[in-house]
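Every heavy atom of this structure was used, including side-chain atoms; hydrogens, water molecules and symmetry mates were not.
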Amino acid sequence: MNSMADPVYEKKRWMNWALCMALFVVVESILFIYRTYNTPFYTDMVILQFAVPLTCAFTAIVLTQPSVRRYADVLLAEGYVLWYAVVLLINGHYFWLEFPQHINVLYRLVLAVAVCYPVAYALAAKGQLGVMRTVLAVLTLVLVAIAVLGIYRAVIRQPLVSPFNGATLGMRADGDGVLRLFPVVHANTGGAIFMMALILCVFLSLSSQYIWGKVFFAVAAVPVYVALALTNSRASMALGAFGLGLLGFLVVRARMVSAKPLLSWLVGALCALLLAGVCFAGYQGALWAVNQAAPMAAEQPVKTESAQPAQTPQAKQAEQAQQAKQTPQAEPAKKTTDPEAEIEQRKLLKGMGTLNGRTKIWAKVLQGIGEQPEVLLWGLTIERVEGFVSKLMENHPHPHSSYLQTLLFAGLPGLLLLLALLFGLVRFGLRLFLDVSKHTGLAQRFLPVVLLCSVLIALVEVMYFSGQAITDRLFFLVAGYVAVLARQLAEKKNEM
C-alpha cells in the first residue's frame, strides 16, 4: 500500500506538522515577548535564518491544501496579507534593498494570519482538529509562566531588566506615575495578553477530559487573573471580567433549555452581570494580596553607611509627604513612582467620557486623514505613521485603535478587507455561542468569547491586526479554530 494514501499515515503526518508549527509559534513568540528583535542577533540570525524561512514554508504547506483554499474567509485573510505587502511596496519598503530592516514587519503578519488562521482548516481536513487545543494549551502555559514570574517580581519589588534593550518584567511607573506590571511589553499590551490567556485557561479547563486537567487549568487561571490586575489596564480588566461573566450566561442557558427563551436570556444576563461584577471587584483583592506580600520582602534589614535603621515603605512614604509639605514651591506629583509603594487600582470611570482621551486622538487622526486623503488609498510608510500621529497629538505615537492603525498602515482597502474578515468571524462566533443543541459543549460555546473581547479591546488599543504582538497569533489561532467548529456545527445540523 502506498504510505501517502494511508489515512493513518496522513493523520500522523499532519499531527507532526501541526506540532512543529506550534513549537515554531511558541519559540518565535517567546523571542518576540522578550523583544530581542531589536538586537543584531535577532535581526541577522533569528529573522533571516529561522523565522522568515519557516514562516514561508509553513504558509506554503497550509495553503497548498485544496481543502483550505476553497473557503471565503481564508481567501479574505490571505487577501489582507497580500494587500498589506503591496502597500508596503507602494510606500517604498523595498525588501531587497532594506532587508532585513522591514521584512520583520511583514513576516510577523504572515505568521499570524497566513499560518495561524488557516492551520485549523488544514488539520480538520486530516481529522486532527484536536491538535488545535494542544497548540493553544502550549501557548497559554507560556503566558501562565510569564504571569507567575511577573507576580513574583511584583511581590519582591525588583523588576527583571532585559539585557538586550532594558525592557522591564515587573512593576514600573507609567507616564502618569501609576505602578503597573510591564511583562516586557507595555502594560496595556500585557493586559490584553493576560485577558486572552485568562479566558483560554477557562476554556482549557472546561474542555479537558480529565479531572487533573480541569483542576490544573482552573488553578493556572489564578496567577493570570492576578497579573491582569497588576497591569492596571482598565479596558483589559473590564473585558476580562465581562468574558468570565459570559460563562455564567452560557451555564444558565444550558440549564434552562426547556424554559422560555426570554426568561433564560434574562436570567442568564443577570447571572453574567453578577459574575462579571464579582470578577471585577476581585481585582482589588488581588492587588491587596500583592501589597500584603510585598512588605515581607521589602522590610528586610538594609545596611547603610549612616548605620540608620531601614525604613519601611510606609515610613518612606510618610517622610516624602512631609518633605512635600515643607516645600511650597514644589509641584504636586501625579503619583509616587517608588517601586516599593503600594499598588493602587486605577479608577474605572476616570476619563470615561473621552475613553481616557482616546476620542480626542481619533478625532485628530481622522481630521489629519481628511487633510491627506491619499492615506485612504495606500496608507503611510511605517516610519511616517508615528510622526503623523505625533504631529496631531503630542506624545502619542499611535492612534490608540487597531482599526485606525490598520487604516493608516494599509489604507481603506486594507481596513475593508479586515472588517469583512472580522464580520465573518463574529458570525461564526455567534453561531457557536448561541447554540444550545447537543452538538456543542460548554467549552466550544465559550471559546468565541476570546474573539469578542479582542475585537472590542481593539477599538481602544493597537496590539491587534498588524502582527506586532503575540495577541495577533493567539487571536487568529482561536479565530481559525472557531471558524472550523462553526462550520462543523452547521454541517451536523444540515444532516439532521
Side-chain angles (χ1 to χ4, degrees), residues 22 25-26 28-30 32-33 108 111-113 116-117 120 132-148 150 181 183-207 217-218 220-247 276 279-280 283 402 422 425-426 429 432-433 443-444 446-483:
V25 172
V26 169
E28 206 283 334
S29 298
I30 293 173
F32 186 86
I33 289 172
R108 289 199 300 268
L111 174 61
V113 182
C116 292
Y117 182 73
M132 286 299 300
R133 185 185 177 280
T134 304
V135 173
L136 292 176
V138 172
L139 277 174
T140 302
L141 289 176
V142 172
L143 298 179
V144 170
I146 294 174
V148 171
L181 174 61
V184 181
V185 293
H186 191 276
N188 288 341
T189 304
I193 292 172
F194 291 137
M195 176 205 71
M196 299 178 76
L198 177 63
I199 299 173
L200 285 173
C201 280
V202 177
F203 162 75
L204 292 168
S205 178
L206 294 173
S207 61
F217 282 107
V222 175
V224 177
Y225 177 83
V226 175
L228 174 57
L230 289 173
T231 63
N232 249 324
S233 176
R234 289 174 292 187
S236 298
M237 293 165 63
L239 287 171
F242 170 72
L244 294 179
L246 290 178
L247 178 61
C279 292
F280 194 85
Y283 292 132
S402 295
L422 294 180
L425 293 178
V426 170
L432 277 180
F433 182 80
Q444 291 181 343
F446 185 67
L447 185 59
V449 174
V450 178
L451 303 184
L452 174 61
C453 293
S454 299
V455 168
L456 292 176
I457 201 172
L459 289 169
V460 296
E461 299 295 351
V462 292
M463 68 283 294
Y464 289 95
F465 315 136
S466 59
Q468 302 303 304
I470 190 179
T471 46
D472 268 339
R473 293 156 186 139
L474 278 175
F475 177 85
F476 284 106
L477 277 172
V478 174
Y481 196 8
V482 167

Q.
With side chain to side chain contact (heavy atoms under 4.5 Å, CB included) as the test, pick out the partner of F194 among V226, V224, V144.
A. V224

**Q.** Contact summary for P183 and G190, nearest pair of heavy atoms
**A.** CG-CA, 3.6 Å

Q) Is any side-chain heavy atom of M196 closer than 4.5 Å to a side-chain heavy atom of S236? A) no

Q. Looking at side-chain heavy atoms only, is the closest gap between Y481 and Y117 below 4.5 Å?
A. no

Q. Distance from S454 atom OG to M195 atom CE, nearest 0.5 Å?
A. 4.0 Å

Q.
Donor-acceptor check, side chain of T189 to backbone of V185, threshold 3.5 angstrom: yes or no?
A. no

Q. Taking side chain as C-beta onward, heavy atoms only, is I146 less than 4.5 Å from V184?
A. no

Q) Out of curiosity, L228 CG to L198 CG, how far, rounded to the nearest 0.5 Å? A) 6.5 Å

Q: May I ask you to test the V482-L425 pair for a side-chain heavy-atom distance under 4.5 Å?
A: no

Q. Under the 3.5 angstrom rule, does the side chain of D472 hit a backbone N or O of F465 as a donor-acceptor pair?
A. yes

Q. What's the verdict on side-chain contact (heavy atoms from CB on, under 4.5 Å) for F242 and L452, showing C-alpha distance, side-chain angles and the deciding distance?
A. CA-CA 10 Å; F242 170 72; L452 174 61; 3.8 Å; yes

(Q) Could you check whether any side-chain N or O of T231 sits under 3.5 Å from a backbone N or O of L181, counting only pairs where one atom can act as donor and the other as acceptor? (A) no

Q. Between F433 and F446, does the ring centre distance come in under 6.0 Å?
A. no

Q. Would you say the side-chain atoms of R473 pair up with the backbone N or O of C116, donor to acceptor, closer than 3.5 Å?
A. no

Q: Indicate yes or no for a side-chain donor-acceptor contact from S207 to the backbone of F203 under 3.5 Å, with no hydrogens or angles considered.
A: yes

Q) If you look at every heavy atom in G243 and I199, which pair is closest and at what distance? A) CA-CD1, 4.5 Å

Q. Hey, does V426 have a side-chain heavy atom less than 4.5 Å from the side chain of L451?
A. no

Q. Do Y283 and Y225 have ring centroids that are under 6.0 Å from one another?
A. yes

Q. When rounded to the nearest 0.5 angstrom, what is the spacing between CG in L230 and CE in M237?
A. 9.0 Å

**Q.** Between OG1 on residue T140 and CG on residue L200, distance to nearest 0.5 Å
**A.** 4.5 Å

Q: Report yes if the side chains of I470 and L143 come closer than 4.5 Å at any heavy-atom pair, otherwise no.
A: yes

Q.
Just so I know, are the side chains of L432 and L447 near enough to count as touching, which here means a heavy-atom distance under 4.5 Å?
A. no

(Q) Working to the nearest 0.5 angstrom, can you tell me the gap between L422 CG and Y464 OH? (A) 11.5 Å

Q | Between CD1 on residue I457 and CG on residue N188, distance to nearest 0.5 Å | A | 8.0 Å

